[in-house]
Amino acid sequence: MKTNREEILQNALQLFMSKNYEGVSLQMIAHSVGLTKTGIFNYYPSKLDLFIAVADRYLFHLQDPVNKFAPSDGSLRDFIDKYVEGVERTMAEIVRLGNIQREKMPGQLANAGYFHLYQQVLFYYPDGKHKLHEWMEKEEQLWNDIIRGGVAHGELREDTDIPEAAALFRQVFIGLAYQMSFSDGLDVGILRKRFLYIYGLLKR
């Protein structure tokens, strides 16, 4: 059986999503891909190195706005469409990866497991809190820029409170994503509907 780095990362992702960092061993990961523990060392010298690689690949890279959202035409209306499409595409990839070998996560949901990965980054990823904060600020700044442009170009009302509007869009997404992660995952139709309601309140 030929094992590659991608296969190791995907199997490690599933294990970290279904268990806590402390409950996952390199031996478990090695067994899941048909390697010896020594074989894993050829790719990653420690469990922490592997965890960092998993978080970098499936959290920070996947969730980076540059990778997650297609360029919009600059309007808030178009950005909402691109945002929802990016969320749907990213969520589908997370669910696909989380369910490659379903027997490893019996009774677990990929969406809830992904939130669990976020929590582990706070505790085990070196300076993880700062890195998560930077990524969240980057996305919030993107909302600010789009809304500011909408005001400047007459799409949105002149009295729009830009930081508050940006925070509202972000919090609606985060709240829905978290709430629905414990059932079937985020319903992007509901997300779009809530976003468009807010948009209607801001539209000139």
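No donor-acceptor contact under 3.5 angstrom links the side chains of D78 and S75, judged on distance only. Under 3.5 Å, the side chains of N144 and E140 contain no donor-acceptor pair of N or O atoms. Inspection of the Q119 and Y124 side chains reveals no N or O donor paired with an N or O acceptor under 3.5 Å.
In this structure, the ring of W135 has its center no less than 6.0 angstrom from the ring center of Y125. Two rings, from Y21 and F123, have their centers 6.0 Å or more apart. With ring centers used as reference points, F195 lies 6.0 Å or more from Y199.
Contact record, L59 with Y114: CA-OH, 3.4 Å, taken as the closest heavy-atom pair. When all heavy atoms are compared, the tightest approach of P45 to D49 is CG-OD2, 3.0 Å. Looking at every heavy atom in both residues, I190 comes nearest to M180 through CD1-CE, 3.5 Å. T160 approaches A165 most closely through the heavy-atom pair CG2-CB, 4.2 Å.
By the 4.5 Å heavy-atom criterion applied to side chains, M136 and H133 are not counted as neighbours. By the 4.5 Å heavy-atom criterion applied to side chains, H31 and K37 are not counted as neighbours. Side-chain contact check for V188 versus R192: every heavy-atom pair is 4.5 Å or farther apart. Between E139 and F69 the shortest side-chain heavy-atom distance falls below 4.5 Å. When side chains are defined from C-beta on, L202 counts as touching I198, because their heavy atoms get closer than 4.5 Å. Residues F16 and K47 meet the side-chain proximity criterion, which asks for heavy atoms closer than 4.5 Å. At least one side-chain heavy atom of L48 sits under 4.5 Å from a side-chain heavy atom of I52. For the pair E6 and R57, the minimum side-chain heavy-atom distance is below 4.5 Å.
Taken from CD in Q141 to CZ in R148, the straight-line distance is 6.5 Å, to the nearest 0.5 Å. Note that the CG atom of D145 and the CG atom of L76 stand 12.0 Å from one another [nearest 0.5 Å]. Going from atom OG of S46 over to atom CG of L26 covers 7.5 Å, rounded to the nearest 0.5 Å. Rounded to the nearest 0.5 Å, atoms CG (D187) and CG (L191) are 9.0 Å apart. Taken from CD1 in I94 to CG in L186, the straight-line distance is 10.5 Å, to the nearest 0.5 Å. Remark: L142 CG to R170 CZ distance equals 10.0 Å, nearest 0.5 Å.
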Can you check side chain to side chain contact (heavy atoms under 4.5 Å, CB included) on I162 and L156, steps first, answer last? CA-CA 10 Å; I162 294 168; L156 307 178; over 6 Å; no
Take F51 and V121 through the side chain to side chain contact (heavy atoms under 4.5 Å, CB included) test and state the conclusion after the steps. CA-CA 9 Å; F51 179 75; V121 165; 4.1 Å; yes
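No more than 12 heavy atoms of other residues, nucleotides or ligands sit less than 6.0 Å from atom CD of E158. Shown here is Y178, whose OH atom has no more than 12 heavy atoms of other residues, nucleotides or ligands within 6.0 Å.
One N or O on the side chain of S72 and one on the backbone of G74 form a donor-acceptor pair closer than 3.5 Å. Judged purely by atom type and a 3.5 angstrom limit, E7 has no side-chain atom pairing as donor or acceptor with the backbone of V33. For R157 (side chain) and L201 (main-chain N/O), a donor-acceptor pair under 3.5 Å exists by modelled atom type. Counting only distance, with no hydrogens or angles, the side chain of H153 and the backbone of G149 share a donor-acceptor pair below 3.5 Å. Although no hydrogens or angles enter the test, the distance criterion places no donor-acceptor pair under 3.5 Å between the side chain of N20 and the main chain of G23. Side-chain N or O atoms of K68 include none that pairs as donor or acceptor with a backbone N or O of T90 at under 3.5 Å. In this structure a side-chain-to-backbone donor-acceptor pair under 3.5 Å is present from S18 to L15.
Ionic pairing of K82 and E85 is not present here: no N-O contact between side-chain nitrogen and carboxylate oxygen is shorter than 4.0 angstrom. A salt bridge links K131 to D56: one of the charged nitrogens lies within less than 4.0 Å of a carboxylate oxygen. By the 4.0 Å N-to-carboxylate-O rule, E155 lies too far from R204 to be salt-bridged with it.
A cation-pi arrangement, defined by a distance under 6.0 Å to the six-membered ring centre and an angle within 45 degrees of its axis, is present between R5 and Y44.
With sequence neighbours left out, the side chain to side chain donor-acceptor pair (under 3.5 Å) criterion links R77 to D81. Not counting sequence neighbours, the partners of N67 by the side-chain contact (heavy atoms from CB on, under 4.5 Å) test are H61, D64.
Classification of the W143-Y83 ring pair by plane angle, with boundaries at 30° and 60°, yields tilted.
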